[in-house]
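Start at 1 with the first residue, then count along the sequence.
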Amino acid sequence: MPNYPSRKRAVFESHVKTMRDLRNRLSHQEHLVLDNLTDEDRYLDGQCANLDWIARVIDPKAADWIRSQSRVKALRAKRP
């Protein structure tokens, strides 16, 4: 991956594991909505940043496309 100059496998794997854990939470229909909105925002911001990091080290153009197509910010803005 030319966009990941350090090529530290453990770092990359930890990011992918975090994304896999999110995928598992979603596939098992576990809650992403937390009682504390600040904690929820922090968690979801971290997940979005993690996805962007993974996509960017693989292919920055793909990361830009994902960001341009994402509806996450708009949906989060509608949260009551």
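With R56 as reference, D64 is the one residue of L51, I66, D64 to meet the side-chain contact (heavy atoms from CB on, under 4.5 Å) rule.
Residues Y4 and I58 fail the side-chain proximity criterion, which asks for heavy atoms closer than 4.5 Å. Inter-residue side-chain proximity for R20 and N24 is flagged as met; some heavy-atom pair is nearer than 4.5 Å. Residues L22 and L32 form a side-chain contact, since some pair of their non-hydrogen atoms from C-beta on lies under 4.5 Å apart.
Note that the NZ atom of K17 and the CG atom of D21 stand 3.5 Å from one another [nearest 0.5 Å]. Rounding to the nearest 0.5 Å places CZ of F12 at 6.5 Å from CD1 of I54. The distance from atom CZ of R25 to atom CD of Q47, rounded to the nearest 0.5 Å, is 8.0 Å.
Few gaps surround CG on D39; more than 12 heavy atoms of other groups in view lie less than 6.0 Å from it. The neighbour count for Q69 CD, taken as heavy atoms of other residues, nucleotides or ligands under 6.0 Å away, is above 12.
For R76, the side-chain contact (heavy atoms from CB on, under 4.5 Å) partners are D41, L44, D45, C48, V72, not counting sequence neighbours. Every residue meeting the side-chain contact (heavy atoms from CB on, under 4.5 Å) condition with N3, not counting sequence neighbours, appears here in chain and number order: P60. Take R7 and apply the side chain to side chain donor-acceptor pair (under 3.5 Å) test, not counting sequence neighbours, and it matches no residue.
Ring geometry for W53 against H15 counts as parallel: the plane angle stays under 30°, on a 0 to 90° scale with 60° as the upper cut.
Between the S68 side chain and the W65 main chain, a donor and an acceptor come within less than 3.5 Å of each other.
Both L26 and M19 are part of a single hydrophobic cluster, where members link through side-chain heavy atoms under 4.5 Å apart.
The nearest pair of heavy atoms linking R79 to L34 is NH2-O, 3.5 Å.
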